[in-house]
There are 2 protein chains.
Amino acid sequence: MATLKQVAAHADVSVQTVSNALNAPHRLKPDTLRRVTRSIELLNYKPNRNARSLRTSAVELIGYCVPSWPHGQTHLVMDQFLHALCTAAERTGRHILLFTAPTGIDGMPVYDDLHARRLVDGFVLSQTETHDPRHGWLKEQRIPFVSFGRVWKETTQPGPYVDVDGAAGCATAVRHLYETGRRRIAFLSWPRTSGLAEDRLAGWRTTCKELELPTKDLAIRCPEDMIDEGARATAKLLDAGLEAGTPVDGIVAISDILALGALRELTARGLTAGVEVGVTGFDDSPLASVVSPALTSVRQPIDRIATELIALLTDSPAPADPATGGTERLLQPELVIRGSSAPG
Amino acid sequence: MATLKQVAAHADVSVQTVSNALNAPHRLKPDTLRRVTRSIELLNYKPNRNARSLRTSAVELIGYCVPSWPHGQTHLVMDQFLHALCTAAERTGRHILLFTAPTGIDGMPVYDDLHARRLVDGFVLSQTETHDPRHGWLKEQRIPFVSFGRVWKETTQPGPYVDVDGAAGCATAVRHLYETGRRRIAFLSWPRTSGLAEDRLAGWRTTCKELELPTKDLAIRCPEDMIDEGARATAKLLDAGLEAGTPVDGIVAISDILALGALRELTARGLTAGVEVGVTGFDDSPLASVVSPALTSVRQPIDRIATELIALLTDSPAPADPATGGTERLLQPELVIRGSSAPG
DNA sequence: CTGAAAGCGCTTACAG
DNA sequence: CTGAAAGCGCTTACAG
């Protein structure tokens, strides 16, 4: 393996000049640069990153804690997210270092350790929880990080974040169902403890009110994000609608999984999603396009999210540019319309 | 941030002794060790890994290329696998570095680069393809790697691998269906180009023959791993069975996704999985336990796989121990029985 | 525009 | 059992 010194000898310059050829080529006379570049190629020289990192004390590595899921649950777009995150990091010459850590505050020593030993420069946080203690802790330790997802219900968000406007996403879903003729639109949610859920639910509620649609008894909180729960909640909604003579004709689900449960219950009752009842999910996971009828779903802009995360983490402190500045980005999701809400 | 030197000064020993306290504590007099340890804790000293790596030229980082999937496809157990891989790596003091690369041979310069710049010590390969060119290339370059999955149809496997005995998994599934009374067991497969598929199919075929069950026209190759394809293939099987007066009563699917398609088609025809037809999948993905009836599925021992991968990659060249030695591990999967094959 | 020197924070033989 | 010295391969002020 060639070293700087060998390249320097080969090109008959000092090591410093080779280093400059790599890191500040404009400082070299074009002729010298050419000669050095040729030697680099000839010797197939690749700079040793450990030596560089030792000197600069930047490793160009970003830590990401692999979430561990309770059995039966899964992050259906996690591989997409990781791929996007890697790609975004690589565009800036960085990479993602994976690690595991206990949930919540108990995991913080792991973060501290990775940073102190200089295995990473900083962290991308995801799976943000309501009152997530990690953000405040990292900020206090002056460990660089950026969060995918807001810390809900705090007065101020500690540190930079990127998030998706869930309320707007659900609002779009409600409007879409309204435009396709639905007038009694229910919402399948998660427990109240989730700030994320409250945000999305608020989008549903507000939009229903705007459109003068009913909301009473139409929001159901499923205790877990499981297909069965979605089916159960849908059954309850359909039964109540029948009894009252006001059948539900639209269902906005807070996740694709719950939406899948809704689809299953409809099928079980001989109803067709997109015909009698319009159904929408959230996340546009791979499953959405694979069931039939395919699931209309709110898609988070994953590539954009990844790009912004890396930008916030690695850019020099933004100069408060009113347009792109600041350290908070709320991105707009997009409704992907398929058969479950609009037959044809 | 404390350095070795500072700790040495604080403990009134040489830096070398502090280093030894960390890396070879047995060399120190118990008393000295105690004193040094105290200083380390007091100063909250964490060794700089870049300095260490520069010196030892080992980074304790393992590269893993995040697969990119065609839209609508997903690796349902990828998050489980990554979690297991991370955990296994961390047990040996290592971590996983994620990167992206073009598929096949085109990606090799990326691997080479990561290794040459000393960002990683070696690689874990997955998504192994038939005739995968990466293994041979890496071996030739003397870049350490281990493969999850065999390179099929080659005379010899280049380099170490861990794989799951797919044939045995499918054999178990067939036997289970047989034991629950099924006598006409079909197989839902992938295209012939997949060595993995041929292996699993062979397990089905051999076991059927052993049990004197029919196999003719009972293996269907779905062009893609999608729910719709599984449903379509199942429809074809059921139709053919009806016509011939010999109804299919068992379906072994090569993946959970295809099995899900089978379940859907059964439901659409008013049949119940586990009653009229027993169905099994492969992978025991999160979806398996979430549909209803829940899906019987062949589970790959993910934690074991991860542990073996890390062991093969990082252990000193095994001394040809007849028991655990060698660089090839074929692990046995396990059938997880649920309602889709056995009601109640 | 180019080069000689110092130093990033460790570990590794080697002496004592 | 402990320490003085060299060196891993870079980059960074600083001179020239």
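Reminder, nothing fancy here: chain letters follow the sequence lines and each chain counts from 1. All heavy atoms count here, side chains included; hydrogens, waters and symmetry mates do not.
- Of the candidates dG9(C), dT11(C), dC10(D), the closest approach to any side-chain atom of Leu54(B) belongs to dG9(C).
- The CZ atom of Arg118(A) sits 20 Å away from the P atom of dC10(D) (whole-angstrom rounding).
- Salt-bridge annotation for Arg94(A) and Glu90(A): absent, with no side-chain N of the basic residue lying under 4.0 Å from a carboxylate O of the acidic one.
- Counting to the nearest Å, the P atom of dG9(D) and the CG atom of Leu119(B) are 16 Å from each other.
- Checking dA15(C) for Watson-Crick or G-U wobble geometry (two distances, each under 3.5 Å) identifies dT2(D) as its partner.
- Side-chain proximity of Tyr45(B) to dC10(C), dC1(C), dA13(C): nearest is dC10(C).
- As a whole-Å value, the separation of Arg49(A) CZ from dC10(D) C1' is 12 Å.
- Here the P atom of nucleotide dT2(C) and the CG atom of Asn23(A) are 16 Å apart, to the nearest Å.
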Steps toward side chain to side chain contact (heavy atoms under 4.5 Å, CB included) verdict (Met78(A), Val66(A)): CA-CA 10 Å; Met78(A) 161 136 134; Val66(A) 243; 3.9 Å; yes

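- One atom, CG of Leu43(A), and another, C1' of dG9(D), lie 15 Å apart when rounded to the nearest Å.
- Distance from the side chain of Thr32(B) is smallest to dT2(D) among dC10(C), dC10(D), dT2(D).
- Within 4.0 Å of Asn20(B), counting heavy atoms only, lies no atom of the nucleic acid at all.
- For Ser14(A) and dA4(C), the shortest distance from a side-chain N or O to OP1 or OP2 is not below 4.0 Å.
- Nucleic acid contact for Asn50(A): none, since no nucleic acid atom lies under 4.0 Å from a heavy atom of the residue.
- Here the nucleotide nearest the side chain of Leu4(B), chosen from dC10(C), dC8(C), dG3(C), is dC10(C).
- Picking from dG3(C), dC1(D), dG9(D) the nucleotide with the shortest atom distance to the side chain of Thr17(A) gives dG3(C).
- Remark: P of dT11(D) and CG of Leu22(A) are 7 Å apart, rounded to the nearest angstrom.
- Of the listed nucleotides (dA6(D), dG3(D), dC10(D)), dC10(D) has the atom at the smallest distance from the side chain of Arg55(A).
- Using bins of under 30°, 30° to 60° and over 60° for the plane-to-plane angle, the ring pair Tyr111(A)/Phe99(A) lands in the perpendicular bin.
- Residue Gln16(A) places its side chain closer to dG3(C) than to any other of dG3(C), dT11(D), dT2(C).
- The aromatic rings of Phe145(A) and His135(A) sit perpendicular to each other, their planes meeting at more than 60°, with 30° as the lower class boundary.
- Here dT2(C) is the nucleotide among dT11(C), dT2(D), dT2(C) with the atom lying nearest to any side-chain atom of Lys29(A).
- Side-chain proximity of Asn48(A) to dT11(D), dC10(C), dC10(D): nearest is dC10(D).
- Lys5(A) has its NZ atom 13 Å from the P atom of dA5(C), to the nearest Å.
- Nearest heavy-atom pair, Lys139(A) versus Gly159(A), reported as atom, atom and distance to 0.1 Å: NZ-N, 3.9 Å.
- Comment: Lys29(B) does not engage Asp31(B) in a salt bridge, judged by the lack of any side-chain N to carboxylate O separation of less than 4.0 angstrom.
- A sub-4.0 Å separation between OP1 or OP2 of dT11(C) and a side-chain N or O of Arg52(B) is present.
- With DNA chain D read from its 5' end, the first of the two nearest nucleotides for Val13(B) and Val18(A) is the one closest to Val13(B).
- For the pair Gln6(A) CD and dC10(D) P, the interatomic distance rounds to 9 Å; values are reported in whole Å.
- Toward the 5′ end of DNA chain D lies the nearest nucleotide of Pro30(B), the other residue of the pair Pro30(B) and Thr56(B) mapping further downstream.
- If you check every strand for non-hydrogen atoms under 4.0 Å, Leu28(B) touches sugar and phosphate atoms only.
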